[in-house]
Visitor: 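Before I ask anything, let me first share the structure, which is written out below as structure tokens.
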Amino acid sequence: MRILKFGGSSLGTPERLRAAAAIIRRAQAERGPIAVVVSAFQGVTDQLLALAHQASHGDDYQPCFAELEQRHLTAVKELLPVQRRSPLLTQVKLRLNGLADLLHGVSLIAELSPRTRDAVTAFGERLSAAILAAHLTSDGFPAECLDTRPLIRTDAHFGAARVLSDETYAALRAHFATPHATLQIATGFIAATARGETTTLGRGGSDYTASLLGAALAADEIEIWTDVNGVMSADPRKVPTAFPLPGLTYQEAMELAHFGAKVIYPPTMRPAMRARIPIRIKNTLRPEVAGTVISDRREPHAFPVTGLTSAGGIALVRLEGAGMIGVPGVAARLFGALARRQISVILITQASSEHTICFAVASDAAQTAAEAIADEFAPEIQLGQIDTPAEPDECAIIAAVGEGMRHRPGIAGTLFQARGAHGVNVVAIAQGSSELNISAVVAQADETAALCAIHAAFFGPFTEEPAS
Ligand code: ADP
Ligand code: ASP
Ligand code: MG
């Protein structure tokens with residue numbers, strides 16, 4: 001069994017969807033049983049979020065709704081011959097009516113709960129899976145849309161729900177144990193609570209759905225079909241000389257993804273890693289290219305660094321003051337206060353002088369972090385032992401990732417020289433104890449320049465292919 005997942009980038013237009021369908025047909029014919037997972041059409045989840053937002057703010061959401069409706073109806077018309085269109089058209093229209101009712105409800109109460117937001121965003125995958133299944137069927141290749149909500153069980157943390165794996169695996173296995181004559185086209189991204197409320201697995205979550213399905217069914221491989229030739233040495237949209245990596249370990253992929261490489265959603269690696277199932281990243285537009293294999297095998301790399309990644313929208317907060325020196329428990333109090341407010345800390349550094357603790361949080365959590373500090377350290381701030389935290393700057397984190405960095409001196413030096421040579425100022429650095437990752441914080445405005453400079457320093461300025 002193989003799981004093939006097609007992302008929104010592979011389903012952006014009817015032509016791309018046809019290319020995906022051709023890959024599915026070939027895979028089933030040549031390589032045995034498969035199951036397919038799909039995302040919403042490209043951009044549709046964003047559109048649904050915009051619609052929900054507009055409805056809850058009393059804005060006129062009809063133009064945006066009409067666009068979404070038109071896009072799906074056009075896809076149906078382009079992908080199915082006129083004589084086979086009508087059942088799908090009815091189904092799509094009914095579903096869009098359901099969405100319209102939900103949005104109307106949101107506009108009436110002028111409020112959008114996380115639960116309703118998930119119910120709205122779920123329409124993207126419910127529509128795309130139905131359209132792809134009908135297209136394959138009408139092409140003589142019977143396929144069935146599988147709504148994964150009754151099978152993938154989560155808690156009620158709407159927006160990024162936690163999967164309850166035992167129940168989920170049992171339900172997925174039971175579904176696939178009953179003989180299905182037709183190919184299953186499963187909705188990615190969406191799930192449900194025990195009470196049947198729709199949840200979503202976080203943005204980019206269809207990759208995770210594919211991995212859950214792969215682990216439940218003990219698949220031989222999970223294929224993530226997207227719009228690039230694999231996991232690249234850096235985001236090709238930011239670094240034109242980035243090149244595809246033939247292979248990387250689950251840990252490397254997890255680090256790259258965690259620090260911003262959008263090509264794969266970080267939680268995807270967990271189920272696959274536990275079940276030791278390789279994940280292959282492939283390009284829908286160039287299926288002949290081998291792609292990248294993520295597995296527990298460590299490929300010999302020509303470079304000590306496997307890849308670079310960056311993420312913007314970070315605020316770097318500094319806690320400093322003469323009163324911190326030699327006082328035990330400051331860090332514990334700080335991070336305790338942040339944890340109580342559910343703030344996730346992305347990176348931490350502490351100078352050996354103990355005078356400053358620097359930490360990075362998502363920009364939208366910066367205000368809450370400042371409040372947490374003000375509350376926790378109110379007595380020390382009043383006595384002037386700890387400074388009132390300054391307004392944090394907008395920053396980006398650049399991370400160099402690679403198993404080959406372990407016990408290899410000079411990596412940090414190369415990183416800093418590269419930036420120094422290009423006049424990019426490094427605000428803070430941190431190295432994970434695993435030595436798998438060195439991260440540097442730079443001003444948001446310097447993100448792309450710093451990334452390109454570091455890429456050139458590690459891999460050479462005009463690298464097109466890996467040197468090994
Ligand atoms: P999909 O819709 O198929 O899920 P995504 O847009 O989520 O696709 O992910 C693919 C995109 O990830 C690429 O187009 C690329 O711009 C971006 N990306 C970021 N970092 C990397 C990287 N290291 N390697 C490959 N792609 C990357
Ligand atoms: N459609 C969802 C999103 O845009 C899930 C995914 O693309 O994987 O986040
Ligand atoms: Mg994606």
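Side chains included, hydrogens not; waters and symmetry mates left out as well; all remaining heavy atoms used. Positions are given from 1, in the same order as the sequence printed here. One-based numbering, in listed order, for ligands and for the atoms of each. Everything quoted here is computed from the prediction, not taken from an experiment.
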Visitor: Return yes if some donor-acceptor pair links the side-chain N/O of Tyr169 with the main-chain N/O of Leu217 below 3.5 Å, else return no.
Guide: no
Visitor: Give every pair made of an N or O atom of ligand 1 and a protein N or O atom lying under 3.5 Å apart, one pair per line with both atom names and the distance to 0.1 Å, or write 'none'.
Guide:
{"unit_1": "ligand 1", "atom_1": "2 (O)", "unit_2": "Gly8", "atom_2": "N", "d": "3.1"}
{"unit_1": "ligand 1", "atom_1": "2 (O)", "unit_2": "Ser9", "atom_2": "N", "d": "2.9"}
{"unit_1": "ligand 1", "atom_1": "2 (O)", "unit_2": "Ser9", "atom_2": "OG", "d": "3.4"}
{"unit_1": "ligand 1", "atom_1": "3 (O)", "unit_2": "Ser9", "atom_2": "OG", "d": "2.7"}
{"unit_1": "ligand 1", "atom_1": "3 (O)", "unit_2": "Thr226", "atom_2": "OG1", "d": "2.8"}
{"unit_1": "ligand 1", "atom_1": "4 (O)", "unit_2": "Lys5", "atom_2": "NZ", "d": "3.3"}
{"unit_1": "ligand 1", "atom_1": "6 (O)", "unit_2": "Lys262", "atom_2": "NZ", "d": "3.0"}
{"unit_1": "ligand 1", "atom_1": "8 (O)", "unit_2": "Thr226", "atom_2": "OG1", "d": "3.2"}
{"unit_1": "ligand 1", "atom_1": "12 (O)", "unit_2": "Val263", "atom_2": "N", "d": "3.4"}
{"unit_1": "ligand 1", "atom_1": "14 (O)", "unit_2": "Asp227", "atom_2": "OD1", "d": "2.8"}
{"unit_1": "ligand 1", "atom_1": "14 (O)", "unit_2": "Asp227", "atom_2": "OD2", "d": "3.4"}
{"unit_1": "ligand 1", "atom_1": "14 (O)", "unit_2": "Arg237", "atom_2": "NH2", "d": "2.8"}
{"unit_1": "ligand 1", "atom_1": "16 (O)", "unit_2": "Asp235", "atom_2": "OD1", "d": "3.1"}
{"unit_1": "ligand 1", "atom_1": "16 (O)", "unit_2": "Arg237", "atom_2": "NE", "d": "2.8"}
{"unit_1": "ligand 1", "atom_1": "16 (O)", "unit_2": "Arg237", "atom_2": "NH2", "d": "3.4"}
{"unit_1": "ligand 1", "atom_1": "23 (N)", "unit_2": "Met232", "atom_2": "O", "d": "3.1"}
{"unit_1": "ligand 1", "atom_1": "24 (N)", "unit_2": "Met232", "atom_2": "N", "d": "2.8"}

Visitor: Who are the residue neighbours of ligand 2 when the rule is a heavy atom under 4.0 Å from any of its atoms?
Guide: Ser39, Ala40, Thr45, Glu125, Phe189, Arg203, Gly204, Gly205, Ser206
Visitor: Can you list, pair by pair, the side-chain donor-acceptor contacts under 3.5 Å of residues 89-105, counting residues two or more places apart and other chains?
Guide:
{"unit_1": "Thr90", "atom_1": "OG1", "unit_2": "Ser86", "atom_2": "O", "d": "2.8"}
{"unit_1": "Arg95", "atom_1": "NH1", "unit_2": "Arg126", "atom_2": "O", "d": "2.9"}

Visitor: Can you tell whether the side chains of Asp46 and Arg203 come within less than 4.0 Å, N to carboxylate O?
Guide: yes
Visitor: Measuring centre to centre across the rings, with the benzene-like ring taken for any Trp, is Phe459 within less than 6.0 Å of Phe303?
Guide: yes
Visitor: Hey, is the main chain of Thr268 close enough, under 3.5 Å, to the side chain of Asp207 for a donor-acceptor pair?
Guide: no
Visitor: When you check the side-chain N and O atoms of Thr199 and His157, is any donor under 3.5 Å from an acceptor?
Guide: no
Visitor: Do the side-chain N and O atoms of Glu67 and Gln70 include a donor-acceptor pair separated by under 3.5 angstrom?
Guide: no
Visitor: For Glu223, which residues count as a salt bridge (Lys or Arg N to Asp or Glu O under 4.0 Å) partner, sequence neighbours excluded?
Guide: Arg2, Arg31
Visitor: Between His72 and Phe41, is the ring centroid distance below 6.0 Å?
Guide: yes
